[in-house]
Participant: 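Handing you this structure, nothing more for now.
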Amino acid sequence: MTHSSTSRHAGEVKAMAGEPRWEAAQSAIREGLVTSARTMGVENPQTWIEVMEPTEEGHGDFTSSAAFRLSKVLGQSPAVIARRLVGGWPAGPMIERMEVAGPGFINFWLDRHWLAGELTEAVTRADTYGIRAARGERVLIEFVSANPTGPLVVVNGRAAALGDSLARIFQANGYAVDREFYVNDAGQQLQKLGQAMAIRLRELAGDPLPDPWPEGVYPGEYVRDLAEAYRALTPDWAEHALDAERTEALGAFCADRLRRQQEQELERFGVHFDRWFSERALREAGAPERMVAELEGRGVLYREDGAVWFRSAQFGDQKDYVVVKSNGEFTYVVPDAAYHTDKFERGYDIIIDLLGPDHHGYKRRMQAMMTALGLPAERLEMQIIQLVRLLRGGKVVRMSKRGGDFVTLAELIDEVGVDPARWFFLERSADTPMDFDLDLAQMKTQDNPVYYVQYAGARIHSVLRAYQGLAANDPEAIDPAAFRNPLEHALIRDVARLPAVLRRAGEQRAPQLIVHYLAEIAGHFHGFYRQHRILEEAPAVRRARIELIRAVLVVITQAMGVIGVSVPERM
RNA sequence: GCGCCCGUAGCUCAGUGGAUAGAGUGACGGACUUCGAAUCCGGAGGUCGUAGGUUCGAAUCCUACCGGGCGCACCA
């Protein structure tokens, strides 16, 4: 299985030249309406006029409700205004017809012959179709950032799929993107991990396990594997287990191993991080101290009950909170704020954090801190990823950390595979809790939308293989008049829409739009395929249909590329 | 109690302030002498949680309430 776009990085992406026809048409329609409105005496018409893709098929390729808004300004009925807007329209090559419909909507149908030119555009550009020119803006996406205290779990997979896909979408839109993982390899976590390690080492030395198990210490069996690794590497391992001074070092050993294990699992999932940002390094460089001094200098701290508080309530948070505990330790927000400051200092235009579902209060707090520090907090976007429940046989799979319950990302990938896992995670928007149906994800039938799309790709590959022997007899030029039926037109439209879909998915940070687009285009293709022949037609029709399915394959491959799902040539 | 997110077809979910709210799935009926049936074609299914408000127009924005998820530490 190949992920053709996995290795693609922003620097290597070549942009498409010239504006895509779909968006060119949308701009032209908007400009035409604006010009019309101006001649009708409307001031600043661009503020009133919107051109959108209608939800319903019978309403054209684009629609505008400008007449309704303008009726306020002009004091005429929407229907009258719509007719005036459309009258005297300079008929260009791109628009086939327009109509005033209902109480005042204006609907536009693009010229099919003109739009069909986009097919050849897609076929020749292939893996640069839909990709924008570099725009000189940089995006940082931080995601997963799981604690290095155990293997990745299922919800980390959801974050991984979303973050990586968002990154790919931004890249397609011409941004330079960095993927970053923040490693919480410091503080209390390391102590607890070190304690768990000491217990496991003593277990290897023949001591009984403590009873009861100490509060907060990781009980997971994976620590035993790490203890065995440590034993193999360290002659004095048995003494280290008893040395309280070494607890943190033991924890660091584990954290390092677990971090690398997480990295491997993520690579297997098709997700590569450009930077693993260490909290420990941040602390060792004195960043938390500098952060507190900076806040102090800005006069936003005060002392109470032996602790140091931040006046977050002045910056939009619900209440003030502690930054330095009475025992002198920093609370976790201090290194986190230092980390975010570092992100700003690195000069990113957009900074995105994908956070776990236990971070609802965090968002406002971090925003308050950035504001207090005089940083442009609006550039920092924090998106909460909601929980994932696993279903098997229609029932919720319990995900307790004990025993052999199904909890890790690795197990999920083993069971359903990378492609269905990524697809299912991306199918739903991030801010709503999701159910992951294990049975459905494994079905290799029409029930499973992943295979539905992949099957479309495989069918096209199959036809193209069969076409190789016939190609010599066909004309080189495409005759757009050969496209006569609705499903062909729908597919031409789908191909032409890809750049706009990618743009919108980026603007809305919504990979699920890509998933829905793919399901739609696959549906159109399967319908077309069952209804019409390709190879048995006369040369001109055959040639046109070959161009069509090649273009469809291009957009399927491109769209699957940005969600990180493969398009196998055979299934 | 406070905050964030969510209530849309039996189920899982889309939906950019616009027209008659859409897919998939489930159940039922049909379609391979064919380039791949992992496919296609049918009809059925709705007080968009409730009540107000803003608007020419609300599933979408505002307010209140009802129901659900998750947060609200000198934890991370």
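All values below come from the heavy atoms of this structure, side chains included, with hydrogens, waters and symmetry mates left out.
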Participant: Assign A/T63 to base, sugar-phosphate, or nothing according to its heavy-atom contacts below 4.0 angstrom with the strands shown.
Facilitator: base
Participant: Does B/G36 have OP1 or OP2 sitting under 4.0 Å from an N or O in the side chain of A/R530?
Facilitator: no
Participant: Thinking salt bridges, do A/R542 and A/D474 make one under a 4.0 Å N-O criterion?
Facilitator: yes
Participant: Is A/E329 salt-bridged to A/K325, going by a charged N under 4.0 Å from an acidic O?
Facilitator: yes
Participant: Checking side-chain polar atoms at under 3.5 Å, does A/Q189 have a donor or acceptor matched by the opposite partner on A/N184?
Facilitator: no
Participant: So which nucleotide does B/A44 pair with, by the Watson-Crick or G-U wobble rule with both distances under 3.5 Å?
Facilitator: none
Participant: For a quick test of reading the model: is some side-chain N or O of A/Y451 closer than 4.0 Å to OP1 or OP2 of B/A38?
Facilitator: no
Participant: Check every strand shown and say whether A/E520 touches a base, only sugar-phosphate, or nothing at a heavy-atom separation below 4.0 Å.
Facilitator: nothing
Participant: In whole angstroms, how far is the C1' atom of B/G57 from the CD atom of A/E50?
Facilitator: 14 Å
Participant: Closer to the 5' end of RNA chain B via nearest nucleotide, is it A/E569 or A/E427?
Facilitator: A/E427
Participant: A/L387 near the nucleic acid: base, sugar-phosphate alone, or nothing, with a heavy-atom cut-off under 4.0 Å?
Facilitator: sugar-phosphate
Participant: Looking only at side chains, do A/E248 and A/Q191 share a donor and an acceptor under 3.5 Å apart?
Facilitator: yes
Participant: From B/A14, B/A37, B/G71, pick the nucleotide closest to the side chain of A/H516?
Facilitator: B/A14
Participant: In whole angstrom, give me the gap between the C1' atoms of B/G53 and B/G10.
Facilitator: 34 Å
Participant: Side chain of A/L513 only, heavy atoms from C-beta on: which candidate in B/C4, B/A38, B/G15 is closest?
Facilitator: B/G15
Participant: B/G36, B/U39, B/C74: which one has an atom nearest the side-chain heavy atoms of A/S462?
Facilitator: B/G36
Participant: Please report the distance separating the C1' of B/G24 from the corresponding atom of B/A9, rounded so that it comes out in whole Å.
Facilitator: 12 Å
Participant: Which nucleotide wins on minimum distance to the side chain of A/Y455, given the candidates B/G3, B/U16, B/A38?
Facilitator: B/A38
Participant: Please give the nucleotide sitting opposite B/U55 as a Watson-Crick or G-U wobble pair, both distances under 3.5 Å, or none.
Facilitator: none
Participant: Rounding to an integer number of Å, can you tell me how far A/Y218 OH sits from B/A76 P?
Facilitator: 11 Å
Participant: Taking the P atom of each, how far is B/U60 from B/A27, in whole Å?
Facilitator: 34 Å
Participant: Is a donor from one side chain sitting under 3.5 angstrom from an acceptor on the other, for A/R428 and A/Q386?
Facilitator: no
Participant: Minimum heavy-atom separation for A/Y362 to A/D336, with atom names?
Facilitator: OH-OD2, 2.9 Å
Participant: Starting at CD1 of A/I460 and ending at P of B/A38, how long is that distance when rounded to a whole Å?
Facilitator: 16 Å
Participant: Any strand is fair game: report the nucleotide pairing with B/A64 by Watson-Crick or G-U wobble, both distances under 3.5 Å, or none.
Facilitator: B/U50
Participant: Which part of the nucleic acid, if any, lies within contact of A/H532, taking any heavy atom under 4.0 Å across all strands shown: a base, the sugar-phosphate backbone alone, or nothing?
Facilitator: base
Participant: Scan every strand shown for a Watson-Crick or G-U wobble partner of B/A23, both distances under 3.5 Å, and answer none if you come up empty.
Facilitator: B/U12
Participant: Pick the closest RNA chain B nucleotide for A/P78 and for A/G527 by heavy atoms, then say which residue is nearer the 5' end.
Facilitator: A/G527
Participant: Would you measure the distance from the P atom in B/G49 across to the matching atom in B/C6 and give it in whole Å?
Facilitator: 12 Å
Participant: Check every strand shown and say whether A/H59 touches a base, only sugar-phosphate, or nothing at a heavy-atom separation below 4.0 Å.
Facilitator: base
Participant: Please classify the nucleic acid contact of A/N107 as base, sugar-phosphate, or nothing, using heavy-atom distances under 4.0 Å.
Facilitator: base
Participant: Using the C1' atom in both, what is the distance from B/G22 to B/A14, to the nearest Å?
Facilitator: 7 Å
Participant: Please walk me through it: do A/F436 and A/F424 pass ring-ring contact (aromatic ring centres under 6.0 Å, His included)?
Facilitator: CA-CA 7 Å; A/F436 192 111; A/F424 277 67; 5.4 Å; yes
Participant: On a whole-Å scale, what distance lies between the P atoms belonging to B/C40 and B/C62?
Facilitator: 40 Å
Participant: Can you figure out which of B/A76, B/A38, B/U39 approaches the side chain of A/M571 most closely?
Facilitator: B/A38
Participant: Across the strands shown, which category fits A/A101 at heavy-atom distances under 4.0 angstrom: base, sugar-phosphate, nothing?
Facilitator: base
Participant: Aromatic ring centroids of A/W423 and A/Y451 under 6.0 Å?
Facilitator: no
Participant: If the C1' atom of B/U63 is compared with that of B/A44, how far apart are they to the nearest Å?
Facilitator: 39 Å
Participant: Taking the chi torsion of B/C32, is it syn (within 90° of 0) or anti (everything else)?
Facilitator: syn
Participant: Counting side-chain heavy atoms from C-beta on, which of B/G71, B/A19, B/U12 comes nearest to A/D435?
Facilitator: B/U12
Participant: What contact category does A/A456 fall into here, base, sugar-phosphate, or nothing, at under 4.0 angstrom with non-hydrogen atoms?
Facilitator: nothing
Participant: Validate the cation-pi geometry between A/R365 and A/Y321: distance from NZ or CZ to the six-membered ring centre under 6.0 Å, angle to the ring axis within 45°.
Facilitator: yes
Participant: Please name the nucleotide paired to B/A31 by Watson-Crick or G-U wobble geometry with both distances under 3.5 Å, or report none.
Facilitator: B/U39
Participant: Can you tell which of B/U20, B/G36, B/C35 lies closest to the side chain of A/E56?
Facilitator: B/U20
Participant: Across the strands shown, which category fits A/Y529 at heavy-atom distances under 4.0 angstrom: base, sugar-phosphate, nothing?
Facilitator: base
Participant: Between B/A37, B/C70, B/U34, spot the one nearest the side chain of A/R533, thanks.
Facilitator: B/U34
Participant: Give A/K319 one of three labels, base, sugar-phosphate or nothing, depending on what nucleic acid heavy atoms sit under 4.0 Å from its own.
Facilitator: sugar-phosphate
Participant: Less than 4.0 angstrom between a side-chain N/O of A/Y452 and OP1 or OP2 of B/C40, yes or no?
Facilitator: yes
Participant: We want to know whether A/D353 and A/H340 form a side-chain donor-acceptor pair, criterion being a heavy-atom distance below 3.5 angstrom.
Facilitator: yes
Participant: Go through B/G69, B/A14, B/G36 for me and flag the one nearest to the A/R428 side chain.
Facilitator: B/A14
Participant: What integer distance in Å separates A/D431:CG from B/U60:P?
Facilitator: 17 Å
Participant: Taking only side-chain nitrogens and oxygens of A/K325, does any of them come within less than 4.0 Å of OP1 or OP2 of B/A76?
Facilitator: yes
Participant: Ignoring backbone atoms, test whether A/R364 places a side-chain nitrogen or oxygen under 4.0 Å from the OP1 or OP2 oxygen of B/C4.
Facilitator: yes
Participant: Which value, in whole Å, describes the distance between the P atoms of nucleotides B/G67 and B/U8?
Facilitator: 16 Å
Participant: Counting only Watson-Crick pairs (N1-N3 plus N6-O4 or O6-N4) and G-U wobbles (N1-O2, O6-N3), all under 3.5 Å, who is the partner of B/C2?
Facilitator: B/G71
Participant: Between P on B/A76 and CD on A/E279, what's the gap in Å once rounded to a whole number?
Facilitator: 9 Å
Participant: Regarding A/E329, tell me which of base, sugar-phosphate or nothing describes its non-hydrogen contacts under 4.0 Å with the strands shown.
Facilitator: nothing
Participant: Could you state the CZ-C1' distance from A/R459 to B/U34, rounded to the nearest angstrom?
Facilitator: 12 Å
Participant: Indicate whether OP1 or OP2 belonging to B/A14 is found under 4.0 Å from a side-chain N or O atom of A/S429.
Facilitator: yes
Participant: Return no unless some side-chain N or O of A/S65 is found under 4.0 Å from OP1 or OP2 of B/G18.
Facilitator: no
Participant: To the nearest Å, how far apart are A/Q454 CD and B/A38 C1'?
Facilitator: 10 Å
Participant: Under 4.0 angstrom, heavy atoms only, what part of the nucleic acid is A/D305 near: base, sugar-phosphate, or nothing?
Facilitator: base
Participant: Can you identify which nucleotide, out of B/G69, B/U34, B/U16, has its nearest atom closest to the A/Q386 side chain?
Facilitator: B/G69
Participant: A/K72 side chain N/O closer than 4.0 Å to the phosphate oxygens (OP1, OP2) of B/U55?
Facilitator: no
